2 protein chains.
Amino acid sequence: MGKRQELAEAATDHALEHGLIGLSLRPLAAAIGTSDRMLIYHFGSKDELVDAVLDVSNERSIAVIRSTPAADSVEAAVTALWDVFSSGQLQRCQRMYVEAAALGLFGREPYATSVRRSNDVWLAAIADHLRASGASESAAPRLASLVDATFNGLMLDGPLEDDAVARAVVQDLASAIAG
Amino acid sequence: MGKRQELAEAATDHALEHGLIGLSLRPLAAAIGTSDRMLIYHFGSKDELVDAVLDVSNERSIAVIRSTPAADSVEAAVTALWDVFSSGQLQRCQRMYVEAAALGLFGREPYATSVRRSNDVWLAAIADHLRASGASESAAPRLASLVDATFNGLMLDGPLEDDAVARAVVQDLASAIAG
DNA sequence: CCATCAACGTAGCAGGTGCTACAGTTTTAT
DNA sequence: ATAAAACTGTAGCACCTGCTACGTTGATGG
């Protein structure tokens with residue numbers, strides 16, 4: 001594995017744990033055993049570093065979705081998706097995605113572009129999963145957008161609400177969709 | 001109106017337009033016709049300034065919801081809420097709320113505390129509105145959480161998606177809830 | 001054996017950050 | 001009129017930011 005990719009993975013791990021918003025080169029470099037000098041050397045600029053980190057995180061997210069077995073109903077798929085969404089690796093990746101999307105809310109680069117790029121493939125992966133779980137070909141994309149929006153919204157208020165509350169909301173959404 | 005409140009309103013206007021994440025005292029002060037020196041004098045610290053800005057914005061949001069007439073069905077209420085949510089003053093306030101929530105995602109103060117505080121009264125206002133539009137007493141809070149999460153999620157991807165797409169997703173949600 | 005080039009350390013630059021010290025001026029209350 | 005309080009301009013401090021200039025390694029390939 002090239003040094004650049006190695007650093008991108010390590011930087012992603014660090015950003016997933018400490019957040020993307022306050023990210024700065026020197027503390028990041030110290031945490032992953034290198035220097036700001038080296039980060040700029042390998043990535044060219046902080047923006048390209050961030051781009052790489054967002055790409056790595058997005059790839060990890062997609063991998064989790066693709067390896068989640070399909071459910072036997074859309075309702076079951078939605079609740080199952082929330083389980084993988086709200087814990088483990090995917091939860092951290094999505095939390096960082098929310099940060100990136102917030103940073104891009106006012107058009108700031110490189111966040112806006114990177115978020116746009118990753119959102120497309122992400123929604124497609126969700127739609128595929130819903131199709132495999134019984135959603136109709138035509139309904140899947142809009143269903144994916146709805147589920148994605150709701151999950152991201154719950155993620156935003158994640159530190160606020162009880163896990164049980166979020167679970168109940170997801171259950172409401174799942175049965176509303178099915179009903 | 002005291003000078004402090006006056007500055008808080010002006011700072012809120014500026015933050016609503018330029019974002020909360022990159023906010024710094026000197027450019028803000030210059031834009032609203034004062035100096036960083038004065039902002040610190042009147043607010044004590046940047047954190048307290050941010051607190052005040054978030055409070056003003058939240059109050060404006062609540063005022064909009066409270067002045068929105070009730071609909072004659074929950075389904076109609078949800079789509080009508082999205083209309084006021086996705087345009088005008090409320091859209092900007094919610095966009096900034098999303099920024100604040102993202103800033104608080106990793107527990108950073110004063111954002112985490114301020115977001116928690118405003119979210120309570122905000123959800124209560126949504127629930128009240130849904131009750132007035134025919135939602136049952138018991139279902140209203142969870143419905144409010146669901147609607148709020150979905151709207152915030154759509155707001156996050158607002159710059160990405162077409163307005164029509166978001167509208168369709170909201171329509172799906174509304175009819176799913178009603179059905 | 002030597003040249004080449006990627007990899008890296010040290011030091012530093014220019015600009016921005018929140019915030020403060022000091023010295024006033026204006027307004028208010030008595 | 002006088003004392004107190006509220007307000008404000010000017011400079012500047014200590015720190016952080018992304019990034020760069022310069023010099024040094026260490027491995028590789030002809």
Side-chain angles (χ1 to χ4, degrees), chain A residues 1-15 17-56 96 99-100 102-104 106-115, chain B residues 1-12 14-15 17-56 96 99-100 102-104 106-114:
Chain A
M1 182 162 51
K3 201 77 186 174
R4 181 188 157 117
Q5 189 62 22
E6 201 174 308
L7 286 173
E9 298 282 342
T12 303
D13 289 336
H14 183 266
E17 194 161 349
H18 296 85
L20 189 68
I21 289 184
L23 189 69
S24 65
L25 295 184
R26 266 176 270 248
L28 165 65
I32 67 178
T34 180
S35 66
D36 59 329
R37 167 73 180 74
M38 279 302 103
L39 291 176
I40 295 292
Y41 174 76
H42 284 288
F43 293 93
S45 69
K46 183 193 174 184
D47 281 1
E48 290 187 49
L49 196 237
V50 167
D51 253 347
V53 163
L54 255 20
D55 279 351
V56 169
M96 195 168 78
E99 278 192 295
L103 280 161
F106 287 79
R108 187 190 313 195
E109 296 301 343
Y111 308 99
T113 298
S114 184
V115 163
Chain B
M1 182 160 53
K3 200 78 186 173
R4 180 188 156 116
Q5 189 63 23
E6 201 173 306
L7 287 174
E9 298 282 342
T12 303
H14 183 265
E17 194 162 350
H18 295 85
L20 189 67
I21 289 185
L23 189 68
S24 65
L25 295 184
R26 266 175 270 248
L28 166 64
I32 66 179
T34 181
S35 66
D36 58 329
R37 166 75 180 74
M38 280 300 102
L39 291 176
I40 295 293
Y41 174 76
H42 284 288
F43 293 93
S45 69
K46 184 192 172 183
D47 281 2
E48 288 187 51
L49 197 237
V50 167
D51 252 347
V53 163
L54 256 18
D55 279 352
V56 169
M96 194 168 77
E99 277 193 295
L103 280 161
F106 287 78
R108 188 190 313 197
E109 297 300 343
Y111 308 98
T113 299
S114 184

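The structure presented is a predicted model; accordingly, all values stated were derived computationally and were not measured. Protein chains get the first letters and strands the later ones, always in sequence-line order, with residue 1 at the start of each.
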Would you say the side chain of A:F43 lies within less than 4.5 Å of the side chain of A:V50, judging by non-hydrogen atoms?
-> no
Kindly indicate whether the side chain of B:T34, heavy atoms from C-beta on, has any atom under 4.5 Å from the side chain of B:L28.
-> no
Residues touching DNA chain C, which here means a heavy atom under 4.0 Å, drawn from residues 26-35 of chain A | A:R26, A:S35
Atom CG of B:L54 and atom CG of B:L20: how far apart are they, to the nearest 0.5 Å?
->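 The CG atom of B:L20 is 6.0 Å from CG of B:L54, to the nearest 0.5 Å.
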Hey, could you give me the NE2/CG distance between A:H18 and A:D13, rounded to the nearest 0.5 Å?
->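 If I round to the nearest 0.5 Å, the distance is 11.0 Å.
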Pairing residues for [X] by the side-chain hydrogen bond (donor to acceptor under 3.5 Å, both in side chains) criterion, not counting sequence neighbours:
X      : value
A:E9   : A:Q5, A:R60
A:E109 : A:T113
B:D47  : none

Under a 4.0 Å heavy-atom criterion, DNA chain D is touched by chain A from D:dT17 to D:dC22
Under the rule for side-chain contact (heavy atoms from CB on, under 4.5 Å), what residues qualify as partners of [X], not counting sequence neighbours?
X     : value
A:L25 : A:D36, A:L39, A:I40, A:K46, A:L49
B:S35 : B:R37, B:M38
B:I21 : A:I21, A:A102, A:L103, A:R108, B:E99, B:L103
A:E6  : A:M1, A:K3

DNA chain C nearest-nucleotide lookup for A:K3 and B:R37: closer to the 5′ end is A:K3
Closest non-hydrogen atom pair, B:V53 against B:A11 = CG2-CB, 3.8 Å
Near DNA chain D, which residues from residues 46-56 of chain B have a heavy atom under 4.0 Å away?
-> none
Which residue lies toward the 5' end of DNA chain D, B:L7 or A:L25, if each is placed at its nearest nucleotide?
->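 Upstream on the strand: B:L7.
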Under the ring pair (Phe, Tyr, Trp, His ring centres under 6.0 Å) rule, collect the residues that match up with B:H42, sequence neighbours excluded.
->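 For B:H42, no residue satisfies ring pair (Phe, Tyr, Trp, His ring centres under 6.0 Å) once neighbours in sequence are set aside.
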Range on DNA chain C touched by chain B, heavy atoms, distance below 4.0 Å =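 Under 4.0 Å from chain B, the extent on DNA chain C is C:dT17 to C:dC22.
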